[in-house]
Amino acid sequence: MTKKTIRLLMPQWQGGNNPNYSFGAELLAWLAPDNDQPLIHVPVHAYDGTPLENENGTNGRRQLLEQLEAAHHIIDAHKPDRIVMFGGDCLVEQAPFAYLNERYGGKLGLIWIDAHSDLVRIVGYDNGHTLPLGNLLGEGDEEFAKHVKIPLNPENVFIAGLEAPTEQDTEVIQRLGLKTAGTKELMNNTESIKEWIKESGIKHLAIHIDLDVLDPKAFRSLLFANPEAPYNLAPAGTMQMPQLLNLIKELSEETDVVGLGITEHMPWDYINLKKLLGEIPILNK
């Protein structure tokens, strides 16, 4: 029987408190190969120039919760077997992966390909995109985590590409027994991931890709590659694109991939070109 796959475009920017994430999401969806999978837009509050308010420790909490609920409503209406998500900040992954874990009886495997754990709140950095994996595990932020009906089994979660975990990251990783591997470890050998899939008996897998896992010197469309103001609040990724592609292909051979999320695309050249075009008089008459 043919499995039902939907694509979601969720140009959410509030989780990273950066309106440019919206354009990055739209461009991702446009770049993806055409097929018969329907593309559904998740409504997002557009940036209107008003700064986000810090609401109980999270910037734009109310808007983020409204958008999370909107994503759940859309997914529940379509009841897909597989979901592709184009984001937006990393928090867009919560709704589709929470749904897929329900859909597959609480046994969904999740590989979180990211330079950062997204498990814990970073002190002094009150943006929601630091917490989606924590929320999915029933940790993170209580108000967001309560939208996860069946928290992911920690044994079914693997963080790949993690760079310089903090003490807070390490505490949660060790307490929950999460599997991890850095980019260097995975450079020539992905056996640790294949063994995890076999040992955990993972039949259905979701893949999260934060493009920040890539080396900003090689791939420039990242927050860390801002040509005007380098981003130094967290370590940059070091993975190369061929390594990322190889990892995804190997995972697709090992088990049934039912979820894919691609997030945090920041195409600086096109962002700046769009601004330039917006200022040219003949184009705006």
Side-chain angles (χ1 to χ4, degrees), residues 3-16 18 20-45 63-104 108-114 116 118 128-137 140 144 147-149 152 157 159-160 204-214 221-222 244 248 251-252 256-267:
K3 292 195 173 183
K4 181 179 180 180
T5 304
I6 64 170
R7 295 181 178 191
L8 298 177
L9 169 57
M10 190 168 180
Q12 179 170 282
W13 59 274
Q14 293 92 339
N18 190 328
N20 289 320
Y21 280 129
S22 291
F23 182 53
E26 292 162 359
L27 188 55
L28 267 179
W30 181 78
L31 288 169
D34 286 333
N35 60 23
D36 59 358
Q37 297 168 359
L39 178 65
I40 304 156
H41 289 66
V42 179
V44 167
H45 293 272
Q63 291 186 10
L64 287 168
L65 287 168
E66 287 178 2
Q67 290 161 190
L68 175 62
E69 291 174 0
H72 274 296
H73 287 313
I74 289 170
I75 294 167
D76 290 341
H78 287 270
K79 295 181 171 56
D81 302 298
R82 296 174 173 170
I83 302 175
V84 175
M85 171 63 86
F86 299 112
D89 62 73
C90 285
L91 195 57
V92 304
E93 305 288 46
Q94 180 173 330
F97 292 167
Y99 165 85
L100 288 170
N101 195 39
E102 289 180 56
R103 170 72 179 76
Y104 294 103
L108 180 74
L110 173 60
I111 183 159
W112 200 260
I113 305 176
D114 201 321
H116 317 107
D118 293 348
H129 69 158
T130 67
L131 288 170
L133 183 53
N135 299 339
L136 285 163
L137 287 160
F144 285 88
H147 290 272
V148 180
K149 293 179 182 177
L152 284 159
V157 175
I159 305 174
H204 304 97
L205 181 70
I207 302 173
H208 160 74
I209 302 171
D210 180 343
L211 292 173
D212 284 344
V213 78
L214 294 169
S221 296
L222 304 173
L244 175 61
I248 297 167
L251 291 169
S252 301
D256 182 22
V257 175
V258 296
L260 173 66
I262 308 175
T263 62
E264 313 237 337
H265 182 217
M266 194 68 76

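All values below come from the heavy atoms of this structure, side chains included, with hydrogens, waters and symmetry mates left out.
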Please check if any side-chain donor atom of Gln14 sits under 3.5 Å from a side-chain acceptor atom of His45, or the reverse.
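No, because no side-chain N or O of Gln14 sits under 3.5 Å from a partner of the opposite role on His45.
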
Identify the heavy atoms of Ala32 and Arg7 that sit nearest to each other, and give their distance.
CB-NH1, 3.7 Å

Donor-acceptor under 3.5 Å ([X] side chain, [Y] main chain):
X      : Y      : value
Thr263 : Ile209 : yes
Asp89  : Gly15  : yes
Tyr99  : Pro80  : yes
Asp256 : His204 : no
Ser22  : Pro11  : yes

So CH2 of Trp30 and CZ of Phe23: to nearest 0.5 Å the spacing works out to 9.5 Å

pair Ile159-Asp118: side-chain heavy atoms closer than 4.5 Å:
no

Sub-4.5 Å side-chain heavy-atom contact between Ile74 and Pro43
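They are in contact (side-chain heavy atoms under 4.5 Å apart), so the answer is yes.
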
Tested for side chain to side chain donor-acceptor pair (under 3.5 Å) against Tyr21, the lone hit among Glu26, Gln12, Glu264 is Glu264

For Trp112 and His208, take the angle between the two ring planes, folded into 0 to 90°, and tell me which bin it lands in: parallel under 30, tilted 30 to 60, perpendicular over 60.
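Answer is parallel, since the angle falls under 30°.
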
May I have the step-by-step check of side-chain contact (heavy atoms from CB on, under 4.5 Å) for Asn18 and Met266, ending in yes or no?
CA-CA 10 Å; Asn18 190 328; Met266 194 68 76; 3.6 Å; yes

Given Val92 and Val42, is the side-chain contact (heavy atoms from CB on, under 4.5 Å) satisfied, shown in steps?
CA-CA 10 Å; Val92 304; Val42 179; over 6 Å; no

Counting only heavy atoms not in Lys4 (residues, nucleotides, ligands), do more than 12 fall under 6.0 Å from its NZ?
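Yes.
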
